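Because the structure is a prediction, the values reported are computed rather than measured. Worth knowing before you read on, the calculation uses all heavy atoms, side chains too, and leaves out hydrogens, waters and symmetry mates.
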Amino acid sequence: MLNKDVEKVLISEEEIDKIVTDLAEQISRDYSGEDKRLVLLCILKGSIVFMGDLMKKLTVPVEIDCMRVSSYGAGTESSGSINIMLDLVRPDLPECDILIVEDIIDSGRTLSYLTGYLEHKGARSVKTCTLLDKPSRRTVEFTPDYTGVMIPDEFVIGYGLDYAEKYRALPYIGILKPEVYSK
Ligand code: IMP
Ligand code: MG
């Protein structure tokens, strides 16, 4: 049954599965070289479900790591500054091909900041993969290397994405009823 706070399902479980399968195929192709050392970097907490599904579908060897950053406050608007709450600590970073895995790109600040940060820290290569993209909301010019699907400017939840830490476990991506956050 549909969660009572969901206005409508934007992307169903079956559609998500297809999108993730396509992304995994592209990534597997691009990182198939003997010289590659793919490290998927999960941006906690929103990307946790997406990354779990994505890594299972890859056909190349993969390592995983996590960072936690926050750009959003408690509501539906980005706070504008990026805080690193959990950093990546890897002495072998110069041998790693990092693929940042994000749930959604909105203003572009998080991915743009993290890409620069990891390059500066010395990663051999840094690329980005996002499940969702809201291109109309960009304030920083940024195009991810892998994009699952573009969506309109609506606040979405589920499949890892939250509003005030809720709804992350929904298996689909839904549009949150505006009355939930305008109350
Ligand atoms: P950016 O730095 O503005 O691109 O923000 C990206 C982050 O904002 C994502 O990792 C999400 O945590 C959060 N975010 C942006 N849009 C939404 C949304 O519609 N639902 C839930 N979280 C969102
Ligand atoms: Mg996030």
Side-chain angles (χ1 to χ4, degrees), residues 5-11 15-16 19-20 22-23 26-27 39-54 64-88 97-121 123 125-170 172-183:
D5 295 337
V6 172
E7 176 126 344
K8 72 164 197 185
V9 175
L10 188 65
I11 312 173
E15 287 165 333
I16 293 173
I19 294 165
V20 177
D22 284 352
L23 287 170
Q26 290 176 50
I27 294 165
V39 178
L40 292 186
L41 181 63
C42 181
I43 306 307
L44 299 172
K45 303 175 210 167
S47 307
I48 204 159
V49 182
F50 170 41
M51 184 154 132
D53 282 347
L54 182 70
I64 63 167
D65 230 309
C66 298
M67 277 184 79
R68 185 163 169 220
V69 299
S70 73
S71 74
Y72 261 49
T76 60
E77 287 299 318
S78 175
S79 67
S81 60
I82 313 291
N83 296 314
I84 294 183
M85 335 270 280
L86 176 71
D87 203 351
L88 176 66
D97 297 301
I98 302 284
L99 181 60
I100 303 173
V101 178
E102 253 290 43
D103 48 1
I104 184 165
I105 176 167
D106 185 43
S107 71
R109 285 194 210 97
T110 306
L111 281 182
S112 151
Y113 174 83
L114 278 177
T115 303
Y117 178 76
L118 293 163
E119 280 168 351
H120 181 78
K121 249 170 129 56
S125 70
V126 182
K127 289 196 172 188
T128 53
C129 172
T130 186
L131 178 64
L132 308 174
D133 186 350
K134 283 188 203 170
S136 63
R137 301 255 312 169
R138 223 51 116 251
T139 58
V140 175
E141 209 177 301
F142 194 90
T143 307
D145 298 287
Y146 304 93
T147 299
V149 65
M150 309 266 194
I151 62 165
D153 182 13
E154 304 269 13
F155 195 81
V156 292
I157 46 154
Y159 199 68
L161 292 121
D162 74 310
Y163 170 69
E165 295 301 326
K166 290 190 289 190
Y167 315 110
R168 291 193 197 273
L170 297 178
Y172 52 83
I173 290 165
I175 297 177
L176 187 61
K177 285 183 181 163
E179 61 256 38
V180 177
Y181 51 84
S182 52
K183 273 198 279 233

So, for [X] and [Y], which heavy atoms are closest and what is the spacing to 0.1 Å?
| X | Y | value |
| --- | --- | --- |
| Asp103 | Ser47 | N-OG, 2.9 Å |
| Asp5 | Leu176 | O-CD1, 3.5 Å |
| Met85 | Ser70 | SD-OG, 3.7 Å |
| Pro178 | Glu7 | CD-OE1, 3.3 Å |
| Leu23 | Cys129 | CD1-SG, 4.3 Å |
| Leu131 | Ile19 | CD1-CG2, 3.9 Å |

Are Ile84 and Met67 close enough, and set up right, to give a side chain to side chain contact (heavy atoms under 4.5 Å, CB included), and what steps lead you there?
CA-CA 8 Å; Ile84 294 183; Met67 277 184 79; 3.9 Å; yes
[atom1] of [X] to [atom2] of [Y]: how many Å apart, nearest 0.5 Å?
| X | Y | atom1 | atom2 | answer |
| --- | --- | --- | --- | --- |
| Tyr113 | Asn83 | OH | CG | 9.0 Å |
| Ile157 | Leu170 | CD1 | CG | 5.5 Å |
| Leu99 | Leu41 | CG | CG | 8.5 Å |
| Ile100 | Ile43 | CD1 | CD1 | 6.0 Å |
| Ile11 | Leu132 | CD1 | CG | 5.0 Å |
| Leu114 | Glu119 | CG | CD | 11.0 Å |

Please collect all side-chain hydrogen bond (donor to acceptor under 3.5 Å, both in side chains) contacts where either partner lies in residues 146-158, sequence neighbours excluded, each pair once.
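Only Asp30-Tyr146 qualify under side-chain hydrogen bond (donor to acceptor under 3.5 Å, both in side chains).
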Using the rule given for side chain to side chain contact (heavy atoms under 4.5 Å, CB included), can you reason through Tyr117 versus Val69, listing the C-alpha separation, both sets of side-chain angles and the distance that settles it, and then say yes or no?
CA-CA 12 Å; Tyr117 178 76; Val69 299; over 6 Å; no
Set of residues satisfying side-chain hydrogen bond (donor to acceptor under 3.5 Å, both in side chains) with respect to [X], sequence neighbours excluded:
| X | answer |
| --- | --- |
| Ser125 | Asp97 |
| Gln26 | none |
| Tyr172 | none |

Please work out whether the ring planes of Tyr163 and Tyr181 are parallel, tilted or perpendicular, with thresholds of 30° and 60°.
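Aromatic pair Tyr163/Tyr181 classed tilted.
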From CA spacing to verdict: side chain to side chain contact (heavy atoms under 4.5 Å, CB included), Val49, Arg168
CA-CA 8 Å; Val49 182; Arg168 291 193 197 273; 5.9 Å; no
Is there any salt bridge (Lys or Arg N to Asp or Glu O under 4.0 Å) pair reaching into residues 139-150, and which pairs are they, with sequence neighbours excluded?
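Every candidate salt bridge (Lys or Arg N to Asp or Glu O under 4.0 Å) pair involving residues 139-150 fails, so no pair, neighbours aside, qualifies.
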What residues, two or more places apart in sequence or in another chain, satisfy salt bridge (charged side-chain N to carboxylate O under 4.0 Å, His left out) together with [X]?
| X | result |
| --- | --- |
| Lys121 | Asp87 |
| Arg138 | Asp133 |
| Asp22 | Lys18 |

Check the pair Ile173, Ile151 against side chain to side chain contact (heavy atoms under 4.5 Å, CB included), reporting the backbone distance first and the verdict last.
CA-CA 11 Å; Ile173 290 165; Ile151 62 165; 5.9 Å; no
The criterion is side-chain contact (heavy atoms from CB on, under 4.5 Å); which residues satisfy it with Ser112, sequence neighbours excluded?
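Only Val140, Phe142 meet the side-chain contact (heavy atoms from CB on, under 4.5 Å) criterion with Ser112.
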How would you list, by chain and number, every residue that makes a side-chain contact (heavy atoms from CB on, under 4.5 Å) with Thr139, sequence neighbours excluded?
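Per chain and number, Thr139 pairs via side-chain contact (heavy atoms from CB on, under 4.5 Å) with Ser107, Arg109.
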Any side-chain heavy-atom pair from Lys45 and Asp162 closer than 4.5 angstrom?
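No, side chains not in contact.
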Side-chain heavy atoms of Phe155 within contact of Val180, under 4.5 Å
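In short, these two side chains do not touch, never coming nearer than 4.5 Å.
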